[in-house]
Chemist: 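Can you keep this structure in mind? I'll have questions shortly.
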Amino acid sequence: QAGMQQGGTQAGMQQGAPTAEPFIPQGGPALLPQGEPASIPQEDLAAMSELLLSLTSRGERWHAPASAALLSLAPALQPAALWPLVDAAVGGAAAAYRQAALRALAAAGPLVHGTHPPDPRIASRLYLARHDPDPACAAAAADVWRLYEGCVAPPAGIPPPPGGMPSPPGGIAVPPSLEAELLPFLGASDERRRAQAGRALAAAAADDPSRVHALLQQLFALYKTSAPPSAPPPPSNQATTAGKKGGAAAAAAA
């Protein structure tokens, strides 16, 4: 009987001992603080979205609850707080990480309600995300891109200009500064982003051939700034002879 009590005590101690793995709630919203996300300051929401994004890349057990919490947070985000999601949608190393960011963007209030202002930097990165090598990420990016297009489309009821101005090739959301925004990605440290930027630039040029000339100019300018400096030309025979004579004269004078 004493042994049973001792064994029971040991089992109770083992049961109550802290485990090595952290507790992970089953529901994603449990990761959020109490209260409605809309009542939380935007800078805090942006910091929380970055934290939740980092949790999505910590393994399968963290991914589901963190992604769910991110989706709960997204409708309350304002345009200025969306940048961490946009950056993660392009720069994340893991496809699941990029997809979680894109799914949150598809639920973001400014994009869903069509109130996000035109932003060339965000538009360029969403265009880049559409050419993700992972099919699920590319499909999620296409959904976000359609939402952004709805934000920058002319308001309904406004008649077209005289003569019927056609939509720009590639869509109204493609910014004129697309090449300038995406060219730096050709020098990214990982091959995935370099190839993705190449596909995006090629697609933009294919949709609108008038962009090719500007693209080539910017590529040449980028090459000039990144190419190593050329070696100085060797001295001519005349300059070498004059230098020797000057050295001899200086030695004689000394």
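All values below were derived from every heavy atom in this structure, side-chain atoms included, with hydrogens, water molecules and symmetry-related copies excluded.
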Chemist: About how many Å separate CG of D208 and CG of L215, when rounded to the nearest 0.5 Å?
Modeler: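 Here the rounded value is 11.5 Å.
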Chemist: Under a 3.5 Å distance rule, please check whether S67 uses its side chain to pair with a backbone N or O of A64 as donor and acceptor.
Modeler: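 No, S67 side chain to A64 backbone: no donor-acceptor pair under 3.5 Å.
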Chemist: Do R125 and W83 form a cation-pi contact, if we require the NZ or CZ to be under 6.0 Å from the six-membered ring centre and within 45 degrees of the ring's axis?
Modeler: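 No, cation not above the ring by the 6.0 Å, 45° rule.
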Chemist: Quick one: CG on L182 to OG on S177, what's the gap to the nearest 0.5 Å?
Modeler: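 Between atom CG of L182 and atom OG of S177 there are 9.0 Å.
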Chemist: Among V144, L71, L70, D143, which residue meets the side-chain contact (heavy atoms from CB on, under 4.5 Å) test with R103?
Modeler: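 For R103, the side-chain contact (heavy atoms from CB on, under 4.5 Å) check succeeds only for L71.
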Chemist: How long is the span from the CG atom in L55 to the CG atom in L51, to the nearest 0.5 Å?
Modeler: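 So the CG of L55 and the CG of L51 are separated by 5.0 Å.
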Chemist: Under a 4.5 Å cut-off applied to non-hydrogen side-chain atoms, are S124 and P175 in contact?
Modeler: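 Yes, close enough: below the 4.5 Å cut-off.
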Chemist: Is any side-chain heavy atom of L201 closer than 4.5 Å to one of L186?
Modeler: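 Yes, close enough: below the 4.5 Å cut-off.
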Chemist: Taking the side chain as every heavy atom from C-beta outward, state whether D87 and P84 have any atom pair closer than 4.5 Å.
Modeler: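 SC-SC contact between D87 and P84 ruled out.
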Chemist: With a 3.5 Å distance limit and no angle check, can you tell me whether R130 reaches the backbone of A141 through a side-chain donor-acceptor pair?
Modeler: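 Not confirmed, R130 side chain does not pair with A141 backbone.
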Chemist: Show me, pair by pair, the donor-acceptor contacts under 3.5 angstrom made by side chains of residues 131-139, not counting sequence neighbours?
Modeler:
residue: H131; atom: ND1; partner: Y127; partner atom: O; Å: 3.0
residue: D132; atom: OD1; partner: R98; partner atom: NH2; Å: 3.0
residue: D132; atom: OD1; partner: D134; partner atom: N; Å: 2.8
residue: D132; atom: OD2; partner: R98; partner atom: NE; Å: 2.6
residue: D132; atom: OD2; partner: R98; partner atom: NH2; Å: 3.4
residue: D134; atom: OD2; partner: A136; partner atom: N; Å: 3.2
residue: D134; atom: OD2; partner: C137; partner atom: N; Å: 3.0

Chemist: If we ignore hydrogens and angles and just use 3.5 Å, is the side chain of E43 paired with the main-chain N or O of A81 as donor and acceptor?
Modeler: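 A pair under 3.5 Å: no.
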Chemist: Do the side chains of C151 and L111 get nearer than 4.5 Å, heavy atoms only?
Modeler: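 Yes, their side chains come closer than 4.5 Å.
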Chemist: Could you grab the distance from atom CG of L126 to atom CD of E149, nearest 0.5 Å is fine?
Modeler: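 Rounded to the nearest 0.5 Å, the CG-CD separation comes to 10.5 Å.
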Chemist: Regarding R192 and Q196, is there a side-chain donor-to-acceptor distance under 3.5 Å anywhere?
Modeler: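 Yes - a donor-acceptor pair under 3.5 Å links their side chains.
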Chemist: Which atoms form the tightest heavy-atom contact between F185 and V90, and what is the distance?
Modeler: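 Closest pair (atom of F185, atom of V90, distance): CE2-CG1, 3.7 Å.
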Chemist: Measure the spacing between CG of L85 and CG of L105 and express it to the nearest 0.5 Å.
Modeler: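 CG of L105 is found 4.5 Å from CG of L85.
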Chemist: Can you check whether R193 reaches D190 side chain to side chain, under 4.5 Å on heavy atoms?
Modeler: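 In short, these two side chains touch, coming nearer than 4.5 Å.
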Chemist: Sequence neighbours left out, what pairs pass side-chain hydrogen bond (donor to acceptor under 3.5 Å, both in side chains) with at least one residue falling in residues 108-118?
Modeler: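 Listed once each, the pairs would be none.
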